[in-house]
Amino acid sequence: MNQTYPLLKGNWLPKNKAHIAAWIKDLKTRTHLTSHSIAQPIIDFKELVENDPTLLRLSQDMFSEAKSHKELTPLETPEVNDFNEFLVLLNHIMTQAPECTEFLDPKTGALEPCGLIGFPINALLDWPMATDSGYAFFANELVNQQFKKILTYWSLYLSSPASRSVLIENHPDRTPKVFGWLSDNAQKEMVTVACQAEASDSENHDKPFEHFFNCDPTDQHYGFKSWDDFFTRTFKDGVRPIAEGDDVIANACESAPLQVVTNVAKSSNFWLKGQPYSLENMMDFDPLAEQFVGGTVYQAFLSALSYHRWNSPVSGTVKKTYMVNGSYYLGNRYQGFSNPDGADDSAPNNSQPFLTAVATRAVIFIESDNPNIGLMCFIAIGMAEVSSCAVTVEEGQHINKGDELGMFHFGGSTHCLIFKPDVELEFDFHNTAPGLDATNIPVCSRIATVKSK
């Protein structure tokens with residue numbers, strides 16, 4: 001494999017759209033060759049849509065509108081024909097976990113690593129979700145309630161021993177070619193991603209997988225009990241040292257900086273092209289939002305192959321924590337086909353500020369032991385099917401910097417750190433520039449220093 005996957009930002013979908021098309025074609029073939037009983041949440045979803053004239057029309061129109069953009073697709077034909085075919089493919093996904101793949105490009109003849117289709121459902125919806133009808137469909141509360149049930153159902157499989165098959169099984173005869181996640185090449189790729197977050201002169205590139213992660217290489221599945229257990233793997237002690245100093249704020253996730261915005265408003269039109277932050281929407285109209293008006297928001301995004309747990313950026317006391325149910329496949333409409341600058345089917349990546357106000361998310365308020373920081377807020381934001389946010393701390397609990405706050409199950413996403421207006425920060429981006437091309441900064445390393453008042 002090459003040292004880096006040619007993927008879209010965040011490493012969730014292959015950058016070469018022909019890879020996605022080939023994966024969907026393979027999924028269709030496997031779906032036709034095998035039969036699965038229809039999962040009850042998908043039956044319920046189908047009935048919901050068919051019994052609601054508005055949803056039925058939108059479900060049909062979003063695929064029809066996608067066909068009008070067929071010249072943009074790799075094969076000049078939409079990969080998924082209609083809503084009914086989408087449901088059939090969605091049902092098949094319920095009994096499979098993301099795979100490690102390689103793709104032979106028919107145009108170049110080159111074998112390129114795809115990594116994984118980390119958003120398999122998103123891959124099916126790439127084109128329809130970017131249409132006007134798709135925007136209206138996925139903004140519907142009933143649709144999102146049903147998707148939550150579907151994703152909860154899928155999570156049972158991803159947490160089961162059966163899901164471990166993708167860790168060890170190889171299918172070189174398929175297109176794209178499939179290799180187990182514990183194969184030598186895949187392990188090297190995950191080590192490469194881990195090292196990319198370290199200094200460029202890191203000596204760890206040649207270290208084995210087990211040097212970084214807690215696992216048992218003597219076991220066939222390296223001791224992982226499920227796909228989710230593998231994907232939420234933990235670093236070994238000492239691999240990610242915790243930044244020292246009461247005035248130092250630690251990186252909460254192994255993530256790449258997206259942006260820092262100051263003087264954030266209580267309420268903004270977050271759905272517009274500029275995607276300004278809106279504190280009351282981000283915090284689900286919590287009264288504490290008032291304290292952060294005029295403050296600072298730092299946002300960063302996680303890679304598909306990275307560490308997916310959240311660690312506390314400060315030492316302090318958990319004052320409040322709660323979950324906010326939100327949308328799953330809603331992107332900023334300026335990032336899709338309606339984007340005047342051209343179609344962009346990677347809307348979830350480009351819609352990250354917008355998603356802070358509409359996606360499923362976990363909100364944790366921490367009162368720092370350092371009075372120069374005071375009350376701060378951590379928000380974990382789910383993207384697409386990666387919306388299973390699990391909080392592992394409780395209100396009133398004292399935590400030390402670097403302690404675990406929770407995790408994203410079945411993948412990764414984006415997150416925010418929010419500070420009050422009187423907190424002056426000097427950020428350290430570790431020689432990467434914030435933006436969609438940024439590289440990961442190690443979790444628990446220094447991300448900012450607070451200036452004394």
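Quick caveat, the model's predicted, so the values are computed rather than measured.
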Run the numbers on Ser312 and Lys401 for side-chain contact (heavy atoms from CB on, under 4.5 Å), then give the verdict. CA-CA 5 Å; Ser312 183; Lys401 182 166 53 177; 5.7 Å; no
Derivation and outcome, side-chain contact (heavy atoms from CB on, under 4.5 Å), residues Phe63 and Phe86: CA-CA 10 Å; Phe63 285 93; Phe86 164 69; 3.8 Å; yes
Can you list the steps and then say if Gln299 with Thr414 is a side-chain hydrogen bond (donor to acceptor under 3.5 Å, both in side chains)? CA-CA 7 Å; Gln299 185 170 6; Thr414 184; 3.0 Å; yes
Show the numbers, then the answer: is there a side-chain contact (heavy atoms from CB on, under 4.5 Å) between Val261 and Thr296? CA-CA 6 Å; Val261 176; Thr296 300; over 6 Å; no
Stepwise side-chain contact (heavy atoms from CB on, under 4.5 Å) check, Glu280 with Glu290: CA-CA 8 Å; Glu280 62 180 5; Glu290 188 74 39; over 6 Å; no
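Partners of Tyr222 under the side chain to side chain donor-acceptor pair (under 3.5 Å) rule, at least two apart in sequence or in another chain, are Gln187.
Distance alone, capped at 3.5 Å, places no donor-acceptor pair between the Tyr298 side chain and the Ile447 backbone. When atom types are taken as modelled, the side chain of Asp61 and the backbone of Ser133 share no donor-acceptor pair closer than 3.5 angstrom. Judged by distance alone, the side chain of Trp154 and the main-chain N or O of Ile93 form a donor-acceptor pair under 3.5 Å. Formation of a donor-acceptor pair under 3.5 Å by the Ser226 side chain with backbone atoms of Ser160 is not found in this model. At distances below 3.5 Å, at least one donor-acceptor pair connects side-chain atoms of Asn251 with backbone N or O atoms of Ile441. Using modelled atom types, no side-chain atom of Thr432 and backbone atom of Phe429 make a donor-acceptor pair closer than 3.5 Å. When atom types are taken as modelled, the side chain of Asn144 and the backbone of Phe138 share a donor-acceptor pair closer than 3.5 angstrom. Remark: side-chain polar atoms of Trp181 are paired, donor with acceptor, to backbone N or O of Pro98 under 3.5 angstrom. Checking side-chain atoms of Asn281 against main-chain N and O of Ala357 turns up no donor-acceptor pair under 3.5 Å. Thr95 places a side-chain N or O within donor-acceptor distance of the main-chain N or O of His92, the cut-off being under 3.5 Å.
Considering Thr29, Asp26, Thr101 in turn, Asp26 is the only one that fulfils the side chain to side chain donor-acceptor pair (under 3.5 Å) rule with Arg174.
Heavy atoms of other residues, nucleotides or ligands lying less than 6.0 angstrom from NZ of Lys148 number 12 at most. Taking a 6.0 Å sphere around CZ of Arg446, one finds it holds 12 or fewer heavy atoms contributed by other residues, nucleotides or ligands. A 6.0 Å sphere centred on NZ of Lys319 holds no more than 12 heavy atoms belonging to other residues, nucleotides or ligands.
Contact between Ser163 and Trp227 at its shortest, heavy atoms only, is OG-N, 2.8 Å. The shortest heavy-atom contact between Val450 and Asn372 is CG2-O, 3.6 Å. His36 and Thr34 make their closest contact through NE2-OG1, 3.8 Å (heavy atoms, listed as atom of the first residue, atom of the second, distance). Minimum heavy-atom separation, Ser268 to Tyr277: OG-O, 3.2 Å. Between Cys389 and Ala380, the shortest heavy-atom contact is SG-O, 3.9 Å. Looking at every heavy atom in both residues, Leu89 comes nearest to Val80 through CD1-CG2, 4.2 Å.
Looking only at side-chain heavy atoms (C-beta outward), Val193 and Ser306 come within less than 4.5 Å of each other. Annotation: side chain of Glu99 is not in contact with side chain of Glu169 (no heavy-atom distance under 4.5 Å). Side-chain contact between Ile42 and Ile150 is present, with at least one heavy-atom pair separated by less than 4.5 Å. Residues Ile418 and Met283 are in side-chain contact: their nearest non-hydrogen atoms beyond the backbone lie under 4.5 Å apart. Glu65 has its side chain out of reach of Pro128: every pair of non-hydrogen atoms, C-beta onward, lies at least 4.5 Å apart. Leu48 places a side-chain heavy atom less than 4.5 Å from the side chain of Leu142. Side-chain contact between Leu405 and Val391 is absent, with no heavy atoms from C-beta onward closer than 4.5 Å. Taking the side chain as every heavy atom from C-beta outward, Leu417 and Val297 never approach each other to under 4.5 Å.
In this structure, Phe419 has its ring center no closer than 6.0 Å to that of Phe292. Close placement of the Phe45 and Phe83 rings is indicated, their centers lying within 6.0 Å of each other. Centroid-to-centroid, the aromatic rings of Phe408 and Trp310 come within less than 6.0 Å.
Between the CG atom of Asn140 and the CD atom of Gln146 there is a distance of 11.0 Å, given to the nearest 0.5 Å. Distance CG/Leu425 to CE/Met376: 9.0 Å, rounded to 0.5 Å. Expressed to the nearest 0.5 Å, how far OG of Ser445 lies from CD1 of Ile242 amounts to 11.0 Å. Here the straight-line distance linking atom NZ of Lys28 with atom CG of Leu33 works out to 14.0 Å at 0.5 Å rounding. Rounded to the nearest 0.5 angstrom, Ser368 OG and Leu375 CG are separated by 9.5 Å. Separating the NE2 atom in His415 from the CG atom in Leu258 is a distance of 10.5 Å, to the nearest 0.5 Å.
Remark: Arg240 engages Glu254 in a salt bridge, criterion side-chain N to carboxylate O under 4.0 Å. Salt bridge status for Glu404 with Arg309: present, with a side-chain N to carboxylate O gap under 4.0 Å. A salt bridge links Lys320 with Asp286: the distance from a Lys NZ or Arg NE/NH1/NH2 to an Asp or Glu carboxylate oxygen falls below 4.0 Å.
Pairs of residues two or more places apart, or lying in two chains, that qualify as side-chain hydrogen bond (donor to acceptor under 3.5 Å, both in side chains) and include a residue from residues 47-60 are Lys46-Glu50.
For the residue pair Asp369 / His398, a side-chain donor-acceptor distance below 3.5 Å is found, with atom types taken as modelled. No hydrogens or angles considered: nothing links the side chains of Glu395 and Thr321 as a donor-acceptor pair under 3.5 Å. Looking only at atom types and distance, the side chain of Gln397 has no donor-acceptor partner in the side chain of Thr317 under 3.5 Å away.
Using a 30° and 60° split on the angle between ring planes, His308 and Phe231 fall in the parallel class, below 30°. Taking the six-membered ring where the residue is Trp, Phe224 and Phe230 present perpendicular rings, their angle passing 60° and hence far from 30°. Under the 30°/60° scheme for interplanar angles, the aromatic rings of Phe213 and Phe235 are found to lie parallel.
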